[in-house]
Amino acid sequence: MDVKLRRFFPFLHWARPTAESLRRDMWAGLSVGLVLVPQALAYATLAGMPPQTGLYAALLPSVVGILWGSSVLLAVGPVALTSILTFGSLSAMTSPLSADWVALAIWLSLYAGVIQFLLGACKMGKITYLVSQPVVIGFINAAAVIIVLSQLPGLLGLNLHTDSLLTQLDKLLTGSESMLWTSAFGLVSLILLLALKRYTPKVPGMLVVTALGIAASWAFDYAGHGGAVVGALPVGLPPLSLPPAIGWQAHQALWPAATILALVSFTEAMSSCRVLARKTNERWDENQELIGQGLAKITSGFSGAFPVSGSFSRSALNIYAGATSAWASLIAAVCILISLYFLTTPIAYLPYSVLAAMIMVPVFKLLDFAAFPRLFRISRDDGLVAAVTFAVTLWSTPSLHYGVFAGVAITMVSFLYRHTHPRVVEVGVHGDGTLRDRKRFQLPPLAPDILAVRMDATLNFLTAATLERFIAERRSTNKNIKRILLCASGINDIDASGIETLMSLQLSLQADQRELYFTAVKKQVWDVLERAGLITVIGQEHLFQTDREAIESLVRAQKT
């Protein structure tokens, strides 16, 4: 019974805290919690949601995510990537901040959470690997560009939705009061955040800028000069309730976006878990983490908020501040709870231009254009996948999920192409006594009548035809070939198509009074050959344990 309880309630595995660990977790939790308050407001704005929903997304979802996750130091809550994905998924369906927008965001969070929960419960965590690293690099860079551009109007006081380009230019030239105040607050906040990050990295820049922004807004009557502020927020806990009703077509439109959001957000969370595991040597389980992330998103939906995920920056701050366990995240959640009851009044003065600056600065770290040439140097295919993902994501804005679809599709095509074109080479005896690529090392054949072939791939329905065609071409150009040696050291597996190909090759050679030999066959391949009866057909005398044994036997036979 105890084992079952621990399986369904992983937090029962937590080690009992000590006075020292609680002290460290308390400090780390306060550090993360104070940063999380302005971040939550900023990411709610980025998602097109009311500001208070950012605090809702940072409260109960973060608690559920840490209780049912597997990485005790992973900070769960609002993050830039899921926020921009939420905005992009809903932009074509309705207007930001509207009741319909909020309803769709709630359902998007629920659907993405259910997908992640089912993947984890069915132990299908590996399916998230479909979103390869090149896809992630291409998408994150494109998303970062989109986020920065999307925040420029808020930072500078532009209104691209209601004002024409000529109106915007006129405001810039005439010096509109609201635009001047907005630009001043936004640009000063941006410069201050960058300066604090550059020269005093230990100082919580977001907290400092938030406090100064609120104080300056109140002191100079920012709102009275036309500047947009957060305004009054509801006090207290989020109103837990059933999700609002939406149309059937809206449900259908959300499913593809929810699938992409579930995969991409978990890929980001997995990256954070891997980094945390390297730094702390903690063990984590991808399937359990999927369950935790899924339940956190579901909780966020029932809290009236938008999708959440694991935050790399806040997790890193957790470690930096000395966190030792999940208690740090629970203490950070308490900070959010206190904010909902006691800090809503000062938060009302916070300018949206300051929030825009707080969104842009962390996103600058996501821009990594040097990754593209690096990928092209490693693999042209991977570089192409990243470039296509980047381009399609930008082109398909605001429907960002099409960029991921394109990236995954190109990845699959590249994968199939590589696996239908395996490396098949003719080998000869190298100076060290091993069989190496004849063309690369300019080696003579084993003997004038021997074709020694090695394939470095699984022999299956994708690769069998390539091996068969390679041998056929060599036989047609060299009529002296009487014996064929298949060096099987590079073949790790074989299926029915591979067996059929070898059987056909054996019968064809036998009809022409030629012989087929094998060397260095691995056990798992040998077992399949034996079950298929091919060992008996070929004959034990045509099978060699090692390449050296094959070389000595076949060359000796040639001399005699």
Side-chain angles (χ1 to χ4, degrees), residues 40-41 43-62 64-65 76-121 143 146-147 150 161-162 231 233-234 236-266 290-291 293-309 393 396-405:
L41 296 169
Y43 292 148
T45 304
L46 181 59
M49 296 286 284
Q52 69 271 16
T53 61
L55 297 176
Y56 298 163
L59 182 58
L60 294 179
S62 67
V64 170
V76 180
V79 296
L81 198 56
T82 54
S83 295
I84 191 62
L85 274 170
T86 299
F87 187 89
S89 301
L90 307 183
S91 291
M93 302 173 69
T94 187
S95 301
L97 294 175
S98 65
D100 287 341
W101 182 284
V102 174
L104 290 171
I106 289 171
W107 278 104
L108 180 66
S109 187
L110 291 173
Y111 279 132
V114 168
I115 290 170
Q116 287 189 332
F117 177 83
L118 291 176
L119 287 174
I146 294 166
I147 290 171
S150 70
H161 297 290
T162 59
L233 299 179
L237 292 170
L240 295 175
S241 61
L242 293 174
I246 60 174
W248 176 244
Q249 288 185 334
H251 282 290
Q252 290 178 304
L254 288 174
W255 294 338
T259 302
I260 291 299
L261 195 148
L263 293 176
V264 171
S265 66
F266 188 65
L290 266 172
I291 291 173
Q293 293 285 316
L295 289 175
K297 286 181 174 62
I298 293 170
T299 305
S300 188
F302 283 114
S303 299
F306 51 96
V308 296
S309 186
T393 302
S396 63
T397 304
S399 302
L400 307 185
H401 53 277
Y402 287 120
V404 180
F405 278 134

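Only this structure's heavy atoms are used, side chains among them; waters, hydrogens and symmetry mates stay out.
Here Leu237 contributes atom CG and Leu60 contributes atom CG; the two are 7.0 Å apart, rounded to the nearest 0.5 Å. Between Leu110 atom CG and Phe117 atom CZ the span is 13.5 Å, to the nearest 0.5 Å. Taking CD1 of Ile298 as the reference point, atom CD1 of Ile115 lies at 10.5 Å (rounded to 0.5 Å). To the nearest 0.5 Å, atom OG of residue Ser309 and atom CZ of residue Phe266 are 9.0 Å apart. How far CD1 of Ile246 is from NE2 of His251: 4.0 Å, rounded to the nearest 0.5 Å. The CG atom of Leu263 lies 7.0 Å from the CG atom of Leu119; values are rounded to the nearest 0.5 Å.
Judged by distance alone, with hydrogens and angles left aside, the side-chain atoms of Trp107 form a donor-acceptor pair with the main-chain N or O of Pro244 at under 3.5 Å. Ser109 places no side-chain N or O within donor-acceptor distance of the main-chain N or O of Ala105, the cut-off being under 3.5 Å.
When all heavy atoms are compared, the tightest approach of Pro239 to Ser303 is CD-O, 4.4 Å. The shortest heavy-atom contact between Tyr56 and Pro61 is O-CD, 3.3 Å. Taking each heavy atom of Pro307 and Leu261 in turn, the nearest pair found is CB-CD2, 3.8 Å. Across Ile106 and Gly301, no two heavy atoms sit closer than the pair CG2-O, 3.2 Å. Taking all atoms of both residues into account, the shortest heavy-atom contact from Ala253 to Pro256 is O-CD, 3.5 Å.
Considering only heavy atoms from C-beta on, Phe302 comes within 4.5 Å of Leu242 through its side chain. Contact of the Phe306 side chain with the Leu108 side chain is not registered, since no non-hydrogen atoms from C-beta on lie closer than 4.5 Å. Two residues are said to be in side-chain contact when any heavy atoms from C-beta on lie closer than 4.5 Å; Thr393 and Ile146 meet this criterion. Put simply, the side chain of Pro238 reaches to within 4.5 Å of the side chain of Leu59, judged on heavy atoms.
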Indicate every side-chain donor-acceptor pair of residues 45-53 with a distance under 3.5 Å to a residue at least two apart or in another chain.
{"from": "Thr45", "atom 1": "OG1", "to": "Leu41", "atom 2": "O", "distance (Å)": "3.0"}
{"from": "Thr53", "atom 1": "OG1", "to": "Pro50", "atom 2": "O", "distance (Å)": "2.5"}

Taking only distance into account, with no hydrogens and no angle test, what donor-acceptor pairs under 3.5 Å do side-chain atoms of residues 84-97 form with protein atoms, sequence neighbours excluded?
{"from": "Thr86", "atom 1": "OG1", "to": "Thr82", "atom 2": "O", "distance (Å)": "2.7"}
{"from": "Ser89", "atom 1": "OG", "to": "Leu85", "atom 2": "O", "distance (Å)": "2.6"}
{"from": "Ser91", "atom 1": "OG", "to": "Phe87", "atom 2": "O", "distance (Å)": "2.6"}
{"from": "Thr94", "atom 1": "OG1", "to": "Ser98", "atom 2": "OG", "distance (Å)": "3.4"}

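Screening Thr299, Val308, Val76 for a side-chain contact (heavy atoms from CB on, under 4.5 Å) with Val64, the sole residue that qualifies is Thr299.
Within 6.0 Å of the CZ atom in Phe405, the count of heavy atoms belonging to other residues, nucleotides or ligands exceeds 12. More than 12 heavy atoms of other residues, nucleotides or ligands lie within 6.0 Å of CD in Gln252, so this atom counts as buried by the packing criterion.
Residues passing the side chain to side chain donor-acceptor pair (under 3.5 Å) test with Gln116, sequence neighbours excluded: Ser265, Lys297.
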